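First comes the structure, then the notes that go with it.
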Amino acid sequence: MPFSEESKNSAIEAYNNAFYNKDSNLVGYYCVNTAKRGKPGRGNFWTTCEQIEALEDAAKRSSPMKTVYQGMITELVNGLNQIVSGTPHWHSWNMFNDDIMWGVIALVRGYELTGKTNQEFLHQAQVQFNEVWRRGFDDSLGGGLWWKYNDPVKTKNACVNFPAIIAAMYLARNTVNTGFRSQAEQLWKWSRENLYNETTGRVSDHKKSDGKLDTKSYTYNQGTFIGAAYMLYLHTRNKGYLADCRLAASFAMKHLTTKSKGVDILDNNEGNGNDGPGFKGIFARWCSKYAKKADDETMKEWLCANAEMAWKNRNRETKLMGTKWQDPTPHNRELTSWECSSGLSITQNAP
């Protein structure tokens with residue numbers, strides 16, 4: 001059974017009520033947590049980008065608040081530049097190439113969802129993508145992007161290469177003769193050959209400069225692999241990409257879950273630390289897009305079951321969902337906007 005539109009609407013409204021703040025005209029942000037309600041800073045950069053994407057997910061569907069959300073997208077992107085980063089030139093201070101790719105995706109999606117009127121979003125996205133390509137891509141290990149700029153411990157990671165493919169494909173469909181599609185295909189060839197196990201569907205975390213592969217798997221890497229294949233499928237209609245999506249999604253369902261009341265709940269013990277609590281929201285976004293496009297009933301049912309579990313265990317007063325969807329959301333401690341974003345993503349994206 002599909003996750004209800006009523007619940008989707010309640011979930012995004014609860015999140016916005018708890019965390020959204022408008023700083024000034026056309027500038028907004030999601031505060032860091034429910035207690036101190038502080039402004040996000042540079043340390044919150046990439047998580048802010050993903051929270052913007054969750055709002056973009058809500059604006060993408062037929063929400064009764066779609067027009068309001070379109071305005072909030074503009075305010076949040078402005079806040080990303082003015083409050084979080086302090087400059088639209090993210091590459092000038094952020095050494096993490098993956099951070100910038102998350103930002104590029106949020107920018108181009110924001111450009112599309114606001115009626116392609118914010119040309120500055122598209123321009124900034126192109127500039128930032130090109131800066132990462134300039135400093136991050138080389139032929140070492142056969143190709144691919146380095147995770148960090150000027151990092152003595154050099155690795156080429158799934159978390160930058162697959163989002164870069166997604167970003168490039170978004171840019172390609174909004175620009176002419178810019179080469180982004182060719183760059184996406186180039187990255188896909190290297191990333192699939194080096195970071196993906198085509199027998200099991202596992203997406204490995206990174207390859208070191210000495211060629212050693214770290215096979216640790218995370219939900220967000222499984223998700224962006226699916227996203228990259230999905231975006232390439234939309235352009236080529238080559239069903240081989242959908243087969244890759246299916247295998248990567250199946251790996252996550254089998255290996256990155258915790259069984260709770262008969263449901264395989266996305267978990268992978270990612271609930272701790274600064275980054276992990278929101279990882280599976282990224283998986284939820286891209287796996288849902290794949291499942292709907294391919295009409296994969298197994299995946300649709302599984303994603304909806306996860307959404308139902310997260311929503312069932314929401315805080316009954318605030319309606320916020322924590323990152324452990326199989327457990328009741330705590331009511332006696334502060335909640336961060338980042339940990340609550342994964343529940344927001346699964347509820348907005350579940351088929």
Side-chain angles (χ1 to χ4, degrees), residues 42-43 45-47 49-50 90-91 93-105 128-168 182-229 231-232 244-245 247-249 251-252 254-256 267-280 282-283 286:
R42 287 182 170 180
F45 182 87
W46 92 273
T47 59
C49 296
E50 289 312 293
W90 306 331
H91 69 283
W93 63 269
N94 197 331
M95 300 299 103
F96 288 91
N97 290 326
D98 61 321
D99 282 18
I100 294 175
M101 288 304 176
W102 300 116
V104 170
I105 296 169
Q128 292 305 299
F129 183 96
N130 290 335
E131 288 290 345
V132 168
W133 189 271
R134 177 187 59 79
R135 75 186 191 182
F137 182 87
D138 65 23
D139 292 329
S140 301
L141 303 175
L145 290 164
W146 295 107
W147 177 38
K148 293 174 68 177
Y149 179 58
N150 278 345
D151 186 16
V153 183
K154 302 187 75 174
T155 58
K156 292 192 172 181
N157 292 44
C159 69
V160 60
N161 282 282
F162 293 117
I165 296 167
I166 296 169
S182 176
Q183 289 168 301
E185 291 167 349
Q186 188 175 0
L187 288 178
W188 175 257
K189 184 177 186 302
W190 183 86
S191 301
R192 190 182 187 280
E193 289 176 356
N194 287 272
L195 299 174
Y196 175 65
N197 186 316
E198 61 182 14
T199 300
T200 65
R202 176 192 292 271
V203 178
S204 294
D205 186 64
H206 64 265
K207 179 167 277 192
K208 298 179 181 179
S209 57
D210 62 5
K212 292 182 180 179
L213 184 67
D214 186 329
T215 60
K216 176 69 175 177
S217 53
Y218 296 97
T219 54
Y220 78 143
N221 288 335
Q222 296 294 136
T224 54
F225 173 88
I226 293 168
M231 293 296 285
L232 287 162
D244 282 343
C245 290
L247 190 60
F251 179 90
K254 293 175 184 176
H255 300 288
L256 305 183
D267 189 357
N268 198 30
N269 298 311
E270 296 172 342
N272 298 318
N274 294 326
D275 294 326
F279 279 179
K280 59 189 176 180
I282 296 166
F283 177 88
W286 292 108

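The analysis underlying the following values was restricted to heavy atoms, covering all of them including side chains, and did not include hydrogens, waters or symmetry mates. Quantities reported herein were computed from a predicted structural model and do not represent experimental measurements.
- In this structure, the separation between CD on Glu50 and CZ on Phe279 is 10.5 Å, given to the nearest 0.5 Å.
- Using cut-offs of 30° and 60° for the angle between ring planes, the Tyr220 and Trp46 rings count as tilted.
- Heavy-atom neighbours of Asp275 CG from other residues, nucleotides or ligands within 6.0 Å: above the threshold of 12.
- Distance check: Gln128 CD to His91 NE2 gives 6.0 Å after rounding to the nearest 0.5 Å.
- Taken from CG in Leu187 to CZ in Arg192, the straight-line distance is 15.0 Å, to the nearest 0.5 Å.
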Inset, instruction - Determine, step by step, whether Val160 and Phe162 satisfy the side chain to side chain contact (heavy atoms under 4.5 Å, CB included) criterion, reporting the C-alpha distance in whole Å, the side-chain angles of both residues, the deciding distance to 0.1 Å, and the verdict. - result: CA-CA 6 Å; Val160 60; Phe162 293 117; over 6 Å; no
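- For the pair Lys156 (side chain) and Gly143 (backbone), a donor-acceptor distance under 3.5 Å is present.
- When all heavy atoms of Met101 and Leu145 are compared, the pair lying nearest together is CE-CD1, 4.4 Å.
- A pairwise comparison of heavy atoms in Val104 and Ala167 identifies CG1-CB, 3.7 Å as the closest pair.
- Taking CE of Met231 as the reference point, atom CD1 of Ile105 lies at 8.5 Å (rounded to 0.5 Å).
- A donor-acceptor contact closer than 3.5 angstrom links the side chains of Trp147 and Asp98.
- Taking the six-membered ring where the residue is Trp, the centroids of Tyr196 and Trp190 are separated by 6.0 Å or more.
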Inset, instruction - For the pair Leu256 and Ser217, evaluate side chain to side chain contact (heavy atoms under 4.5 Å, CB included) and give the outcome as yes or no after the intermediate values. - result: CA-CA 8 Å; Leu256 305 183; Ser217 53; 3.5 Å; yes
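- Checked by atom type and distance alone, the side chain of Gln222 pairs as donor or acceptor with a backbone atom of Gly201 at under 3.5 Å.
- Annotation: cation-pi geometry satisfied between Lys216 and Tyr218 (NZ/CZ under 6.0 angstrom from ring centroid, within 45° of ring axis).
- The only member of Asp205, Asn221, Leu213, Thr215 that meets side chain to side chain contact (heavy atoms under 4.5 Å, CB included) when paired with Leu195 is Leu213.
- Each of Asp138, Asn157, Asn97 was scored for a side-chain hydrogen bond (donor to acceptor under 3.5 Å, both in side chains) with Trp146, with one residue passing: Asp138.
- Here the side chains of Ile166 and Trp286 are in contact, with some heavy-atom distance below 4.5 Å.
- If you take CG on Asn94 and NZ on Lys148, they are separated by 10.0 Å, rounding to the nearest 0.5 Å.
- Minimum interatomic distance between Arg135 and Ile100 (heavy atoms only, all atoms of both residues): NH2-CD1, 3.5 Å.
- Asp214 has no carboxylate O lying under 4.0 Å from a charged side-chain N of Lys208, or vice versa, which leaves the two without a salt bridge.
- Close placement of the Phe225 and Trp188 rings is indicated, their centers lying within 6.0 Å of each other.
- Crowding of Asn272 atom CG: a count of heavy atoms from other residues, nucleotides or ligands under 6.0 Å not exceeding 12.
- Residue Ser204 comes nearest to Ala158 through the heavy atom pair O-CB, 3.5 Å, listed as atom of the first residue, atom of the second, then distance.
- Scanning all heavy atoms of the two residues, the minimum distance from Ala248 to Ile226 falls at CB-CG1, 3.8 Å.
- Between Leu141 and Ser209, the closest heavy-atom pair is CD2-O, 3.7 Å.
- For the residue pair Glu270 / Thr219, a side-chain donor-acceptor distance below 3.5 Å is found, with atom types taken as modelled.
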Inset, instruction - With side chain to side chain contact (heavy atoms under 4.5 Å, CB included) as the test, would you mind laying out the steps for Phe129 and Gln183 before giving the verdict? - result: CA-CA 11 Å; Phe129 183 96; Gln183 289 168 301; 3.6 Å; yes
Legend entry - Verdict with supporting geometry, Lys189 and Glu193, salt bridge (Lys or Arg N to Asp or Glu O under 4.0 Å): CA-CA 6 Å; Lys189 184 177 186 302; Glu193 289 176 356; 3.1 Å; yes
